[in-house]
Amino acid sequence: MPSADSVSFVVAFTAGLLSFLSPCVLPLIPSYIGFLTGMSLDQIEVRRGAAVLHGLWFVAGFSLVFVLLGAAASAVGNLLRDQQVWLGRIGGVLIILFGLYLVGVLRPAFLMRERRIQLRNKPLGYLGSAVVGVTFGAAWTPCIGPILGAIFTLAATRASLGAGMALLGVYALGLAVPFLVTALALDRFLGWFQRFRPYLVWVDRTAGALLIVLGILLVTDRFTLLAGYLQGLTPDFLRSRL
């Protein structure tokens with residue numbers, strides 16, 4: 001039976017996928033893989049296993065950052081536990097603003113500035129790939145920042161520290177899965193990307209629309225109604241086993 005937490009996890013995983021597809025991340029994925037492995041496209045095709053291993057360490061690096069930040073957001077939320085209703089409403093307003101930014105209605109200067117740590121030379125080995133992942137996790141670019149910020153805000157409304165950390169872990173998973181698939185089949189990714197490029201602009205618009213809906217649900221304290229609606233859509237034979 002769907003619960004508010006399970007719906008939150010679906011939202012977080014979808015947010016991770018949309019972050020991967022965002023215009024400031026997706027075009028750079030081949031460059032990231034090349035930087036991590038130090039290999040050319042032809043070499044990556046031959047040594048796919050090594051590319052995936054570098055990708056796994058990279059994913060571990062940024063996942064660690066996201067989970068720790070999720071813990072911090074949840075800790076702040078727990079300090080304000082007596083004001084959970086208002087925390088949800090204020091968080092909902094922030095998420096709506098993030099959504100308006102992504103659809104192009106708002107363009108505040110502080111979100112337009114890139115905050116990216118540059119690494120000119122990758123430290124050697126798989127551990128070096130993890131260091132690059134940590135750097136990626138600490139980089140708030142104009143595209144990924146609002147989506148990630150919305151998930152942090154949602155984590156602050158969770159009831160426990162573990163729930164907030166799990167939420168950011170699921171977000172990281174949504175970003176990690178397509179990255180690892182790309183590392184395994186970079187040649188196919190490049191062909192797919194050329195076909196997908198014209199639709200990049202719709203990624204931010206879709207993410208923005210979803211954040212606006214999520215924010216409205218939080219502001220009106222009706223987020224749990226979404227779980228109830230999904231429960232109604234669940235077939236009886238599945239509902240009895242959940």
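Since the structure is predicted, the reported quantities are computational estimates derived from the model, not experimental observations.
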Taking a hydrophobic cluster as the set of Ile, Leu, Val, Met, Phe, Trp and Tyr residues connected by side-chain heavy atoms closer than 4.5 Å, whether directly or through intermediates, do [X] and [Y] fall within one such cluster?
| X | Y | value |
| --- | --- | --- |
| Y171 | L17 | yes |
| I90 | L167 | no |
| I147 | W202 | no |
| V59 | V177 | yes |
| L68 | L148 | no |

Does the side chain of [X] reach to within under 4.5 Å of the side chain of [Y], using non-hydrogen atoms?
| X | Y | value |
| --- | --- | --- |
| I96 | I216 | yes |
| P23 | V201 | no |
| L69 | L168 | no |
| M165 | L161 | yes |
| V131 | W57 | no |
| L190 | P30 | yes |
| I33 | I44 | yes |
| F62 | T135 | no |

Say you draw a straight line from [atom1] of [X] to [atom2] of [Y]; how long is it, rounded to the nearest 0.5 Å?
| X | Y | atom1 | atom2 | value |
| --- | --- | --- | --- | --- |
| L154 | L214 | CG | CG | 6.0 Å |
| F13 | I151 | CZ | CD1 | 12.5 Å |
| S19 | L26 | OG | CG | 11.5 Å |
| L53 | L180 | CG | CG | 10.0 Å |
| I212 | Y101 | CD1 | OH | 14.0 Å |

(request) Just do the side-chain contact (heavy atoms from CB on, under 4.5 Å) check on L210 and L18 with the steps written out, would you? (result) CA-CA 11 Å; L210 291 175; L18 290 172; 3.9 Å; yes

Nearest heavy-atom pair of [X] and [Y]: which atoms, and what distance?
| X | Y | result |
| --- | --- | --- |
| A172 | F66 | CB-CD1, 3.9 Å |
| L21 | L200 | O-CD2, 3.3 Å |
| P27 | S22 | CD-O, 4.0 Å |
| S74 | A155 | OG-O, 3.2 Å |

(message) Which residue is it: F136, F58, Y32, F20? I am looking for the one with a ring-ring contact (aromatic ring centres under 6.0 Å, His included) to F179.
(response) F58

(message) For R205, I'd like to know if atom CZ has over 12 heavy atoms of other residues, nucleotides or ligands within 6.0 Å.
(response) yes

(message) Students often mix this up, so state it plainly: with edges at 30° and 60°, are the rings of Y199 and F196 parallel, tilted or perpendicular?
(response) tilted

(message) Among L102, L94, I95, exactly one meets side-chain contact (heavy atoms from CB on, under 4.5 Å) together with P146. Which residue is that?
(response) L102

(request) Would you mind checking if R48 and D187 are paired as a salt bridge, meaning a charged N to carboxylate O distance below 4.0 Å? (result) yes

